[in-house]
J.: 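Got a structure here, written out as structure tokens. Questions coming.
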2 protein chains.
Amino acid sequence: MSAATHTHDLDQLPDQISEDELCELAELFKIFGDSTRIRILFALFRSEKNVTEICEALEMNQSAISHQLKILRTSKLISARREGKAMVYSLADDHVKTIIAMGKEHIEE
Amino acid sequence: MSAATHTHDLDQLPDQISEDELCELAELFKIFGDSTRIRILFALFRSEKNVTEICEALEMNQSAISHQLKILRTSKLISARREGKAMVYSLADDHVKTIIAMGKEHIEE
DNA sequence: TTAACATATGAATATATTATCATATGTTTA
DNA sequence: TAAACATATGATAATATATTCATATGTTAA
């Protein structure tokens, strides 16, 4: 890990945080804490995809995927738009990538 | 969010990742996805603490705390040392802070 | 406007997780 | 060494969660 990265980390250190915020945080991480959801997120890293494409990428049935997409959408981690019959999902913002990247750094040590 | 932060984020973008790694990631985030555990981690941000002190900080019973400490320790997010009768716990490394900081950034938007 | 396609959703089941209780283990001090 | 203190742990019960099945909703094309 680079020195620059460390500097960044400490810049963002949350010194003060309310109990409510901690619960919100736990809720957020809970979303990432499921392999189906994280696989969906990762599938969307490369490019936006519709539900059928996500099902194919993960080799899982459509209902299971739709249920998880709803959770991801409610958490504002992904966004959706309609394109004809299909719903196209994409990552909502770069924080998703960042959070996963941080996690990846940790497990790679 | 600063431009520098964004640069950092994209530096760390995991372009390639195995199914196994994705599951490991989910397991890691699952640890953060519980309010008791994240409150413990946050309590250890300021300073290392023994079990009794953590119980007092969180106003929770000792058994519940010990069970969660075990999970955090198994996940290598905290480490422990004995000090007399007490076990003193502390954060294992800065990744914990980083990951929580990233999550905090997300929910604050 | 009906059929085919794409996605969403409610209910049910299976599984996982958390906190509690009771108690065991480990450490110090009287 | 026995008692007191500190922590860990197994079993249980309560709760939460994920997937599946059946079906509803929404969209396009025949």
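Chain naming here is simple, since letters A, B, ... match the order of the sequence lines and numbering starts at 1 in each.
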J.: When Q68(B) is tested against each of L41(B), T36(B), I54(B) for side-chain contact (heavy atoms from CB on, under 4.5 Å), which residue passes?
T.: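 Output: one option passes, namely T36(B).
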J.: Tell me if a side-chain donor or acceptor on D34(A) pairs with a main-chain N or O of R37(A) at a distance below 3.5 Å.
T.: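 Checked: pair present.
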J.: Can you give the first and last nucleotides of DNA chain C, 5' to 3', that have an atom under 4.0 Å from a heavy atom of chain B?
T.: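 On DNA chain C, the outermost contacted nucleotides are dT17(C) to dT28(C).
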J.: Could you tell me whether E24(B) and K104(A) have a side-chain N and a carboxylate O separated by less than 4.0 Å?
T.: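 K104(A) and E24(B): not salt-bridged.
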J.: Would you please confirm or rule out a distance under 4.0 Å between OP1 or OP2 of dT19(D) and any side-chain N or O of T36(A)?
T.: yes
J.: For K30(A) and for V88(B), locate the closest nucleotide of DNA chain D by heavy-atom distance; then report the residue assigned to the nucleotide nearer the 5' terminus.
T.: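 Between the two, 5'-proximity favours V88(B).
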J.: Whether K49(B) and E56(B) form a salt bridge (side-chain N of Lys/Arg under 4.0 Å from carboxylate O of Asp/Glu) is what I want to check.
T.: no
J.: Mapping A86(A) and I71(B) onto DNA chain C by nearest heavy atom, which one lands closer to the 5' end?
T.: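 The 5'-side residue here is A86(A).
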J.: Does K97(B) offer a backbone N or O that forms a donor-acceptor pair with the side chain of D94(B) under 3.5 Å?
T.: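 Here the side-chain-to-backbone pair does not exist.
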J.: For residues 70-82 of chain B, run the donor-acceptor check on the side chains, cut-off 3.5 Å, and write out each pair with its distance to 0.1 Å, sequence neighbours left out.
T.:
| residue | atom | partner | partner atom | Å |
| --- | --- | --- | --- | --- |
| T74(B) | OG1 | K70(B) | O | 2.8 |
| S75(B) | OG | I71(B) | O | 2.8 |
| R81(B) | NH1 | E48(B) | OE1 | 2.8 |
| R81(B) | NH1 | E48(B) | OE2 | 3.3 |
| R81(B) | NH2 | E48(B) | OE2 | 3.0 |
| R81(B) | NH2 | E83(B) | OE2 | 2.7 |
| R82(B) | NH1 | G84(B) | O | 3.3 |
| R82(B) | NH1 | K85(B) | O | 3.2 |

J.: CD of E108(A): more than 12 outside heavy atoms within 6.0 angstrom?
T.: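 Yes, enclosed.
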J.: Just to be sure I understand the geometry, which residues of residues 51-70 of chain A put a non-hydrogen atom under 4.0 Å away from DNA chain C?
T.: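 DNA chain C contact set from residues 51-70 of chain A: V51(A), T52(A), Q62(A), S63(A), S66(A), H67(A), K70(A).
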J.: Should the pair F29(A) and F29(B) be assigned to parallel (<30°), tilted (30 to 60°) or perpendicular (>60°) ring geometry?
T.: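 Aromatic pair F29(A)/F29(B) classed parallel.
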